[in-house]
Amino acid sequence: MSVIPTALQKAPTAHGLRGDYEHMAADWTVPQPEQYAPEDHALWRRLYERQTALVRDYAAPMFVDSLRAMECADAIPNIARLSERLRRATGWEVVCVPGLVPDDVFFAHLAEKRFPASWWIRTPEELDYLVEPDVFHDVFGHVPLLFDPVFADYLQEYGKGGPKAIAHDAVLILARLYWYMVEFGLIVVDGNIKAYGAGMLSSFGETKFSVDSPSPNRIGYALERVMRTRYWIDRFQSTYFVLESFEQLMRSSIETDFGPLYDAIKMSEPYAADAVLPTDRVIHRGEQSGA
Ligand code: HBI
Ligand code: FE
């Protein structure tokens, strides 16, 4: 069943990640613990409450509706039960992993319509920012969009494209697409810009910043433009790319021959994170004044 190459079915040894990578299946999945400490559920509730209030105003309506349908306001959800609902909606599942997994493993899961989610929750000290994805980022941030049939298909398509990026030594280029369009994407809904990316929607500060602040650029989505643009991993983005629809994202991916594009992009310097180009469809030119 697994499409993960045998050579990669090994746990990393020296890494600075907090998850337990010793006791996992060949596909890097682990069971979700049957119980969490009351403090863990309390932290989930605190994050959930803080974030739903924001999401109502700034997120795409489909995100808000799916989140509500997930009924997970009160506790860290049971992933198997959530998965069952998701499977009925779009055929996707959520599986637990110890944390970050290697690119090829990540791509293989997506290609088979499995979203890898960390099962553990951050510490209270990390309320606003953490480096590795935790269950709040993965479930609150990513899972609602997987109830959207077009976005769900797109994410599978993204995963299927992984091996070609690996073969062209271009994972960093493909990862920019994930970063800007899955983690930090904006979309126009009824003439208004809304957030749908998991990165901003699981972040207290960046949800509003991405939609409202005069600081960042907001530029119409173009696939090659995105794949050529550097991003920040440790601060709010300088540029957000704006979709007309998830169909637009899907279409761009289907119509593109990624092999030659990777080879071309690799030949030149990427654009700066705050660049504005003459060819851009500029929706808002950012002041770049910061958060
Ligand atoms: N692993 N658990 C997890 N979550 C991610 O979002 C993730 C990952 N491994 C690799 C990865 N993302 C990205 O580098 C790829 O999209 C390129
Ligand atoms: Fe994420």
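In each ligand, atom 1 is the first atom listed, and ligand 1 is the first ligand listed.
- Considering backbone and side-chain N/O of Val101, one or more are found under 3.5 Å from N/O of ligand 1.
- In the hydrophobic clustering (ILVMFWY side chains linked at under 4.5 Å, chained through shared members), Val95 stands by itself.
- Residue side and main chain included, Glu183 places an N/O/S atom under 2.8 Å of the Fe ion (ligand 2).
- What sits closest to atom 5 (C) of ligand 1 on the protein, heavy atoms only, is Phe106 CE1, 3.3 Å.
- If you check which protein heavy atom lies closest to atom 13 (C) of ligand 1, you get Asp103 OD1, 3.7 Å.
- In this structure, Trp44 and Phe136 have perpendicular ring planes: the angle between them is above 60°, well past the 30° mark.
- Classification of the Tyr262-His168 ring pair by plane angle, with boundaries at 30° and 60°, yields tilted.
- The Fe ion (ligand 2) is closest to atom NE2 of His137 (considering only N, O or S atoms).
- The aromatic rings of Tyr158 and Tyr178 lie tilted to each other, with the angle between the two planes from 30° to 60°.
- Taking every heavy atom of Ala175 and a limit of under 4.0 angstrom, the matching atoms of ligand 1 come to 17 (C).
- Scanning the protein for heavy atoms near atom 2 (N) of ligand 1, the closest one is Gly99 O, 3.0 Å.
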Validation: residues 249-257 side-chain donor-acceptor distances under 3.5 Å, sequence neighbours left out:
from	atom 1	to	atom 2	distance (Å)
Ser252	OG	Tyr221	OH	2.7
Ser252	OG	Leu249	O	2.7
Thr256	OG1	Ser252	O	2.5

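- The distance from ligand 1 to the heavy atoms of Tyr158 drops below 4.0 Å at these ligand atoms: 16 (O), 17 (C).
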Verdict with supporting geometry, Phe246 and Phe151, ring-ring contact (aromatic ring centres under 6.0 Å, His included): CA-CA 6 Å; Phe246 292 138; Phe151 187 86; 5.1 Å; yes
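- Aromatic ring orientation, Trp179 versus Phe184: tilted (interplanar angle from 30° to 60°).
- With a 4.0 Å cut-off on non-hydrogen atoms, Trp28 does not touch ligand 1 at all.
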